[in-house]
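Below: the structure, in structure tokens.
In what follows, every chain begins at residue 1, and chains take the letters A, B, ... in the order their sequences are listed. Computed over heavy atoms, backbone and side chain alike; hydrogens, waters and symmetry mates excluded.
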Amino acid sequence: MAPKRVPQSETPAASSGSSGPGTPIQPSFPAPPARLGSLSRPRTPASGLAQTASAGLSRAGTGLASGAGSSVGAAGGLKFKPKLVARRPKDERDATAPAPSSAPSVSSSTPQSSRGRGRGRGRGSTSRGGGGSGRGGRVEIASIAAGPFADPSFGDPRGLRGPSFEKRPPQSEKELAGQLKFTMSDKGINGKGTSEGDSDDDAIREGVERIDIAKVAKVGGANGIDMGHYFPIRDSATKDNVEDGVAMAEDLVDERAVSAREAEEFVGVFGDDEVDELERKLYFFQFAPVLPSFESVRAGVKAEQRVKQEQGIKSEPVAEADLSLTSLKGRPRVPSDSGTALSSVHGQDGLVGQLYIRKSGRVSIEWGGVEMEVAKGVDTDFLQDVVVLDHADERKATLLGQIARKVVVTPNIDILFRESDESE
Amino acid sequence: MDASSVPFEIKEEDEEVTKDISLAADISVSTSDAVAKDSLRENLMPAEDDDDPIVTSFPIYLSSRLASNLHIFQYPVRPNTRPYTGSRGEPVLDLRTKPQSGLIQVDVPINTTQFYDHEKGEKWGAVDRQTLGGVTTTSDGYMIGIFKNGELHLTPVKGTCQLRPSFTYVDKDAQTEKEIARSVKQDPTKPTEIRAVQMTVKSSDDSAPRYSGALAARKRAEDEEYVEMRWYDKDTEDAWYLADQLLSASREPLIPATTKDEYIDLIRDKI
């Protein structure tokens, strides 16, 4: 710390205030502080005042030019001398910045423990089978990427779990409170959908809603099938980066939201969910409007025989059929005549294909003999519910749950054309 | 004999060639090629590939039990971290639909303890609820999928609806003011909602001007009455029961009815 400017000639009035570095900041003024109106004050006390004021000011931090707010000019009037405050180095700024954890009633009204509370029971999940008790505490993800341009594959679930899991809660609390504080005053600026959506309610109600599990890469438990195997990093080189990424994560608390979003892009199509997590969620699949169709397994079983011409789904009877469960007979060899058995997708139940997940994380679907590529859709920040509307006697509308992820399925044209050519 | 036996051999050579080429290119290209070739060998079981073996697979079942009832409600103005569920204390209070027109209105609660203007609230009689409204549209190819016991069950979606705040209370307010002004001059006429009015000239023949297109649809929608529906929240018995209905009713394999060529034609025609 730069030594404060002790006035050379200490006036008796100011001596107590300006002696030594350890003294309290508050200098003792001989008189009320000089004001612009008091132009007639004698010079000496005013200058002493200015000196003490400057001494007091300089005590406040390093590098402060101890210019006084005002000083008496030669003419007896006050001369304007603005304080030149040098920018304090980062260390000091951080040191003196209010600690996020001390953010007052803002966070006190949102007890951190409630974050872990399974308030939204199975929030974002279907409440199917088993009472749908969402495993409560969805802890939100901490920063996991070193910025938007981090290695794409770094979003490895394995790297995310384990060490980073334990660190998350305290880190999140801190940054959460910090973000809360931030967003309370600057709503919307922190526009990454983490807590700004709750900023209004957080102050009011208890129970902070953390990031929806569906939005970011999740933490899976240690039990169960490690789906990380199915969506591993692309190549071994990035594995090391994952650890670094985790370490870096803690430095980039503020970018958590951005990073989490970016990371999500590179996580597997279904996220790095464990199998049991997979089973608790509703996924929105967007298939091509035109899909290979199926004929009824047994004639007359299907009630609906609507013509779906406008949908482009035609079906024609197939010459031969292989009913083995494991291998779906994909290509009817004999082109069929235009059939009479028209059925739509809507009337059918049964096995129609397979979903394949490869080691690289690539996902494909084989549907009715056609290979399709599966990609992660663009997830939304807004609410999407799956609702069943029943107009029967009892008019019921039932909420099944939120859509967790969106998946887009497109026919693999390359394969389609190649195989088609070759079969001719 | 298998018609693909001859091209089969050719493909193997191609496979090696493409593999070499693709080393410089995207790896996934070569795997998909390899897979494609493999799939011709077997009955569409994409074989394991050295580069990118299949790690796991799920059978996919189509389910139709809820296919004519399944809807997606999108709330563009609401973050997905704050769903309208009872568990969060903000359940949907009411739901009304016009089945023929596909209009849907949803009442959701408003928190009146904070960020709520009571003055305006009283002025508009909004009380503690807000109405969101929207129209249902249908689309092809949308499905909801759930995983269960290592199986994926897909149910087609009947319609999608975007629910946005509807400012009918402002309309009512404006209309009320108009009526008050009007009733000052004359006896109060029958107050109705704002409706489209058809101006016609009486004529003897049948060529009375009629609505067409959007206007007709709107008139139809206005004529239709809302149907009240009971709302069952998530995590209720009813919800769980219905969620189970998302599973397919049958595990029988369905027989594909479209060849690849036909499928290509279908796609082309669609475009």
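- The residue among Leu389(A), Val388(A), Val407(A) with the most heavy atom pairs within less than 4.5 Å of chain B is Leu389(A).
- No other option in Cys161(B), Gly86(B), Gly141(B), Ala249(B) has as many heavy-atom pairs under 4.5 Å with chain A as Gly141(B).
- Between the CZ atom of Phe73(B) and the OG1 atom of Thr136(B) there is a distance of 6.5 Å, given to the nearest 0.5 Å.
- Without hydrogens or angle criteria, Ser248(B) side chain to Leu62(B) main chain gives a donor-acceptor distance under 3.5 Å.
- Distance check, rounded to the nearest 0.5 Å: CZ of Arg362(A) to CD1 of Ile54(B) gives 9.0 Å.
- In this structure, CG on Leu70(B) lies 12.0 Å from OG on Ser64(B), to the nearest 0.5 angstrom.
- Remark: Leu416(A) CG to Ile264(B) CD1 distance equals 4.0 Å, nearest 0.5 Å.
- For chain A, the nearby parts of Ile72(B) are the backbone and the side chain; heavy atoms of each come within less than 4.5 Å.
- Of the atoms belonging to Tyr84(B), heavy atoms from both backbone and side chain fall under 4.5 Å from chain A.
- The residue among Asn149(B), Leu163(B), Leu66(B), Val77(B) with the most heavy atom pairs within less than 4.5 Å of chain A is Asn149(B).
- Neither the backbone nor the side chain of Thr155(B) comes within less than 4.5 Å of any heavy atom of chain A.
- Ranked by heavy-atom pairs under 4.5 Å with chain A, the list Asp233(B), Val92(B), Leu154(B), Thr160(B) is led by Leu154(B).
- For Gln162(B), no part lies under 4.5 angstrom from a heavy atom of chain A.
- Asp52(B) and Ser360(A) form a side-chain donor-acceptor contact under 3.5 Å, judged by distance and modelled atom types alone.
- Looking at Glu373(A), there are no atoms closer than 4.5 Å to chain B (heavy atoms on both sides), in backbone or side chain.
- For Leu242(B), the parts sitting under 4.5 Å from any heavy atom of chain A are the backbone and the side chain alike.
- Of the residues listed (Phe285(A), Tyr356(A), Phe287(A)), the one engaging Trp367(A) in a ring pair (Phe, Tyr, Trp, His ring centres under 6.0 Å) is Phe287(A), and it is the only one.
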